[in-house]
Amino acid sequence: MYRAPRGTQDILPQEQPYWRYVEEKAAEICCLYGYERIDLPMFEDAGLFTRGVGEGTDIIEKEMYVFEDRGGNSLALRPEGTASVCRAYLEHGMHNRPQPVKLYYIGPAFRYERPQAGRYRQHGHFGCEAIGDADPALDAEVIDMAWQFFVGLGLGLFTIVLNSIGCKKCRPEYLSLLKEHYSPHVDEVCADCKVRFQKNPLRLLDCKSPQCQPIADAAPKSIDHLCADCAEHYSDVKRYLSSLEIPFTDNPRLVRGFDYYTRTVFEVQPAGGGSQSALGGGGRYDVLIEELGGKPAPGIGFATGMERIILGLQKETVPVPSTPGPQLFIAYLGEEAGEAAIKLATTLRRNSTAVIMSTGSRSLKAQLRQANNLSVPRVVIIGEDEVKTGTVVLRDMTTSQQESIPVGKLLELLQ
RNA sequence: GUGGGUGUAGCCUAGUGGUUAAGGCGCCAGGUUGUGGCCCUGGAGAUCGAGGGUUCAAAUCCCUCCACUCACCCCA
C-alpha cells in the first residue's frame with residue numbers, strides 16, 4: 001500500500017473549512033493593507049535560496065529538497081517564500097511600480113525535517129512582503145497586520161516578540177563583541193554552540209541548551225550596539241507600535257534562521273511558549289534584493305504556518321464556518337424514473353442548485369438513508385407514478401414533511 | 001541527524017503462550033410493493049506493521065527492520 005510521504009498529509013474534506021477560513025481571512029487582511037496576491041513556482045533555481053537565505057543556515061544546509069531535472073538544472077522545492085517574491089520583483093521590473101510593492105502568497109513550502117506536531121515536510125505558508133521602502137512605519141504596519149490577522153482569526157493566546165539585529169554597517173562590530181564575550185567560554189558551551197561560534201555567532205543567542213543559558217543571557221545585546229540609523233529605526237518602529245497599541249515584548253535573544261534579515265526581526269509565538277511552535281515570523285531584509293543581483297531595494301515581510309494556525313484554532317475551539325453542501329438529493333425507483341431523474345438533475349444544476357443524483361437500482365430506503373447520512377436537507381423522489389403524472393415528491397428531511405408537486409413548480413420552489 | 005512512545009478491519013479498542021482473533025463506531029442489507037434518523041437481525045471488512053528466531057503451539061516472548069507519533073536541533 002502506498003502512503004503519503006513522510007511529513008506530508010492529505011487535507012480531507014472535514015479539514016477543508018479550516019483551510020478555507022484561514023485563507024479567506026488572509027486574503028481579507030491583505031486587501032485591507034493593500035497587498036496583492038502573487039502565486040509563485042513551487043520550485044526554483046536552487047541558487048536563489050542558497051544565495052538568498054544563506055549557505056550556512058540549517059534550512060539550506062540540511063533541510064532543502066534539491067534535485068536535478070532532466071536538463072541538468074539544479075532546482076529546489078521552495079523552503080520559504082521571500083526569496084521567490086524578490087526574484088519575481090526583479091524579474092518583472094517591479095521597481096518601476098509605485099513603491100513599496102506589496103505582495104502576498106499562500107501555498108506550500110518544503111523542508112526536509114523530522115516531522116512532529118505542527119511541523120511538516122510540506123506545510124502551508126501564508127506570507128506577505130513589502131519591497132522598496134525602508135520607512136519604520138512600514139515595519140510597524142507589517143507587525144500590526146500580523147497582529148490583526150491573528151486577532152481576526154479568533155486566536156487569543158499569542159504574543160509578539162521583537163528585536164533589531166542591525167545592518168551591514170553595525171552588525172560586524174557587534175558580532176566581534178559577541179565573539180569576544182564567548183571566547184573565554186568556548187570550552188563550557190554546547191557542541192552546537194562551538195560550531196555557531198565559528199560559523200554564525202549571532203545564532204549563539206538562540207541556543208536553548210541549559211549550559212549555554214547564563215553565557216547567552218550575559219552576552220552583549222545587539223540593540224545596545226546599533227548604529228545611529230538602526231537605533232533610530234528601531235525606536236521608531238517601537239514608537240509606532242505603541243501608538244497603534246500593539247503589545248510586544250523586546251527579546252534581545254531573538255535571531256532568525258535566515259541570513260537575509262537586517263534591523264527589525266519579530267516572531268508571533270503562542271502563549272504557551274514552546275520554541276519550536278512559532279505561529280509566524282518575519283523581519284526586514286534591506287540587502288536581499290541587492291544580493292540577488294538587483295538594484296538595491298529594502299524590504300520587509302512575514303510568514304505564517306497554516307497548519308500551526310489551524311492547530312491553534314482547533315486547540316482554542318474557534319468556530320469556523322462550514323462549507324456549503326448539496327441542497328438536494330434525487331432518489332428514483334425504476335429505469336424510467338431514473339431517466340427522468342437524470343434530466344431533472346441536469347436542469348437543476350444548470351439553474352445553480354447543487355444536486356446529488358442517486359445511482360444504481362437501490363431501494364428507496366437505501367437512497368433516503370444515503371441522503372440522511374450526507375445531511376442533504378431535501379430529497380426529490382421520482383417513481384413510476386410521478387413519471388406518469390409529471391410530478392415529483394419533495395421531501396424535507398428535517399421536518400419529514402413531503403408533498404407532491406408538478407415538476408415545473410420545483411424550480412420555483414428552490415429559488 | 002539524536003532520544004522516548006506506539007503499531008490488532010476505514011476509526012476506536014479487548015485479547016499478554018493454547019481451537020475459527022472479540023467488541024463498539026462507521027459502511028452495506030433485511031425487518032416496510034415507494035420513505036431516512038431510533039430499535040432489532042444479518043453481512044462485508046484483519047496476511048494482528050514487515051521479516052526472522054524461540055516453542056508442540058506466537059497478536060502475545062526475543063532480534064532486526066519499517067512506519068506512525070512526541071520531543072531535541074531548527075523553523076512556519
Side-chain angles (χ1 to χ4, degrees), chain A residues 1-9 12 14 22 53 56-64 78-82 106-127 146 190-193 195-196 200 203 206-210 212 254-258 267-270 274-282 301-312 329 331-334 337 358 360 362-387 392-402 404:
Chain A
M1 269 265 272
Y2 289 110
R3 326 191 59 177
R6 164 172 277 199
T8 68
Q9 54 181 341
L12 299 172
Q14 60 264 33
V22 178
V53 178
T57 60
D58 282 10
I59 287 182
I60 300 308
E61 212 166 57
K62 51 182 207 189
E63 293 176 7
M64 196 156 71
R78 62 179 186 211
E80 58 110 35
T82 304
I106 297 173
F110 306 85
R111 293 181 199 169
Y112 187 87
E113 311 177 86
R114 289 283 289 269
Q116 70 186 66
R119 172 197 283 168
Y120 307 95
R121 289 186 172 181
Q122 176 181 333
H123 61 277
H125 264 192
F126 154 51
C190 73
D192 286 336
C193 278
V195 179
R196 292 185 182 118
N200 198 342
R203 297 284 289 288
D206 204 21
C207 186
K208 280 123 203 158
S209 166
C212 302
L254 176 70
V255 296
R256 304 200 14 96
F258 306 103
E267 242 171 51
V268 182
Q269 296 177 352
S275 50
Q276 92 292 347
S277 53
L279 289 167
F302 87 100
T304 63
M306 298 288 288
E307 289 83 355
R308 288 185 184 178
I309 291 169
I310 288 166
L311 283 172
F329 184 95
Y332 63 88
L333 290 152
S358 185
R362 301 146 72 212
S363 68
L364 182 58
K365 177 184 175 133
Q367 296 182 69
L368 284 172
R369 184 166 55 226
Q370 185 185 0
N372 186 58
N373 290 350
L374 293 171
S375 305
V376 180
R378 290 195 276 194
V379 176
V380 160
I381 302 164
I382 306 175
E384 283 170 39
D385 298 350
E386 284 73 23
V387 173
V392 298
V393 170
L394 179 62
R395 178 174 179 84
D396 186 313
M397 296 296 276
T398 49
T399 61
S400 298
Q401 301 293 305
Q402 66 182 41
S404 179

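By convention in this document, chain letters (A, B, ...) are assigned in the order of the sequence lines, proteins followed by strands, and residues within each chain are numbered from 1. Computed from a predicted structure; not experimentally measured.
Between A:S363 and B:rG30 there is a side-chain polar atom (N or O) within less than 4.0 angstrom of OP1 or OP2. Proximity of A:R119 to the phosphate of B:rC73: no side-chain N or O atom is located under 4.0 Å from OP1 or OP2. Side-chain N/O atoms of A:R6 include one lying less than 4.0 angstrom from OP1 or OP2 on B:rC68. The shortest distance between the side-chain N/O atoms of A:Q116 and the OP1/OP2 oxygens of B:rU69 is not below 4.0 Å.
In the interface, the side chain of A:R114 is paired with the base of B:rG3 through a donor and an acceptor atom under 3.5 Å apart. For A:E386 against B:rG34, a side-chain-to-base donor-acceptor contact under 3.5 Å is present. One N or O donor and one acceptor, one from the side chain of A:Q402 and one from the base of B:rU35, sit under 3.5 Å apart. The base of B:rG31 is paired with the side chain of A:K365 by a donor and an acceptor separated by under 3.5 Å. Side chain A:Q122 to base B:rA76: no donor-acceptor pair is found below 3.5 Å.
For the segment residues 369-380 of chain A, residues with any heavy atom less than 4.0 angstrom from an atom of RNA chain B are, sorted by number, A:R369, A:N372, A:N373.
Base contact: A:Y120 has a heavy atom under 4.0 Å from a base atom. Heavy atoms of A:R395 sit under 4.0 angstrom from at least one base atom. Base contact: A:E384 has a heavy atom under 4.0 Å from a base atom. Residue contacts for A:I381: at a heavy-atom cut-off of 4.0 Å it reaches a base atom on one of the strands shown. As judged by a 4.0 angstrom heavy-atom cut-off over every strand, A:A109 is placed among residues making no nucleic acid contact. Using a 4.0 Å heavy-atom criterion, one finds that A:D206 contacts the sugar-phosphate atoms exclusively.
Separating the NZ atom of A:K62 from the P atom of B:rU2 is a distance of 12 Å, rounded to the nearest angstrom. The nearest whole Å value for the distance from the CG atom in A:D385 to the C1' atom in B:rU35 is 14 Å. Distance A:Q14 CD to B:rC11 P: 13 Å, rounded to the nearest Å. One can place CG of A:L394 at 14 Å from C1' of B:rU35, the figure rounded to the nearest angstrom. If you take CZ of A:R121 and P of B:rU69, they are 11 Å apart, rounded to a whole angstrom. The distance between atom CG of A:D192 and atom C1' of B:rU2, rounded to the nearest whole Å, is 11 Å. For the pair A:F110 CZ and B:rA76 C1', the interatomic distance rounds to 14 Å; values are reported in whole Å. Atom C1' of nucleotide B:rU2 and atom CG of A:D58 are separated by 14 Å, given to the nearest angstrom.
Separation of the P atoms belonging to B:rC11 and B:rG26 is 16 Å when rounded to the nearest angstrom. For the P atoms, the distance linking B:rU55 with B:rA46 amounts to 32 Å, nearest Å. On the C1' atoms, B:rU19 is 25 Å away from B:rG24, given to the nearest whole Å. Of the C1' atoms belonging to B:rA9 and B:rA21, the separation is 11 Å, rounded to the nearest Å. Taking atom C1' on both nucleotides, B:rC56 is separated from B:rU41 by 42 Å, rounded to a whole Å. A gap of 15 Å separates the P atoms of B:rU8 and B:rA59, to the nearest Å. Separating the P atom of B:rA29 from that of B:rA14 is a span of 32 Å, rounded to the nearest Å. Across B:rU20 and B:rC68, the matching C1' atoms stand 31 Å from one another, rounded to whole Å.
By the 5.5 angstrom centroid cut-off and the 30-degree plane limit, A:H125 is classified as not stacked against the base of B:rA76.
Side chain of A:Q367 to backbone of A:Y332: a donor-acceptor contact under 3.5 angstrom is found.
Under the 6.0 Å distance and 45° angle rule, A:R121 counts as a cation-pi partner of A:Y112.
Nucleotide B:rC56 forms a Watson-Crick or G-U wobble pair with B:rG18, both donor-acceptor distances falling under 3.5 Å. As the counterpart of B:rG3, B:rC70 is assigned, both hydrogen-bonding distances of the Watson-Crick or G-U wobble pattern falling under 3.5 Å. Under the Watson-Crick or G-U wobble criterion, with both distances below 3.5 Å, B:rG10 is paired with B:rC25. The pairing partner recorded for B:rC65 is B:rG49, the criterion being a Watson-Crick or G-U wobble arrangement whose two distances lie under 3.5 angstrom. Using N1 to N3 plus N6-O4 or O6-N4 for Watson-Crick, or N1-O2 and O6-N3 for G-U wobble, each under 3.5 Å, B:rG37 pairs with nothing.
Of the candidates B:rU35, B:rA76, B:rA29, B:rU35 carries the atom nearest the A:L364 side chain, counting heavy atoms from C-beta on. Here the nucleotide nearest the side chain of A:E113, chosen from B:rU35, B:rA76, B:rC28, is B:rA76. Side-chain atoms of A:V393 lie closest to B:rU35 of the nucleotides B:rU35, B:rA76, B:rA29. Considering only side-chain atoms of A:R3, the nucleotide from B:rA67, B:rA29, B:rA76 that sits closest is B:rA67.
Counting heavy atoms from C-beta on, the side chains of A:C190 and A:C207 come closer than 4.5 Å. Two residues are said to be in side-chain contact when any heavy atoms from C-beta on lie closer than 4.5 Å; A:P108 and A:Q122 meet this criterion.
Between A:R3 atom CZ and A:T8 atom OG1 the span is 10.5 Å, to the nearest 0.5 Å. Rounding to the nearest 0.5 angstrom, the gap separating the CD atom in A:E386 from the CD1 atom in A:I382 is 8.0 Å. To the nearest 0.5 Å, atom CG of residue A:L254 and atom CG of residue A:D206 are 7.5 Å apart. Atoms CZ and CD, from A:R114 and A:E63 in turn, are 13.0 Å apart once rounded to the nearest 0.5 Å. Annotation: the span from A:L394 atom CG to A:I381 atom CD1 amounts to 9.0 Å, rounded to 0.5 Å. Once rounded to the nearest 0.5 Å, the distance linking CZ of A:R395 with CG of A:L368 reads 6.0 Å.
Heavy-atom distances to RNA chain B give each of A:M306 and A:T398 a nearest nucleotide, and the one nearer the 5′ end belongs to A:T398. Across the interface with RNA chain B, nearest-nucleotide mapping of A:G282 and A:S209 shows A:S209 to be the residue nearer the 5′ end.
Ion pair A:R256/A:E267 flagged as a salt bridge, since at least one NZ, NE, NH1 or NH2 atom sits closer than 4.0 Å to an Asp/Glu carboxylate oxygen.
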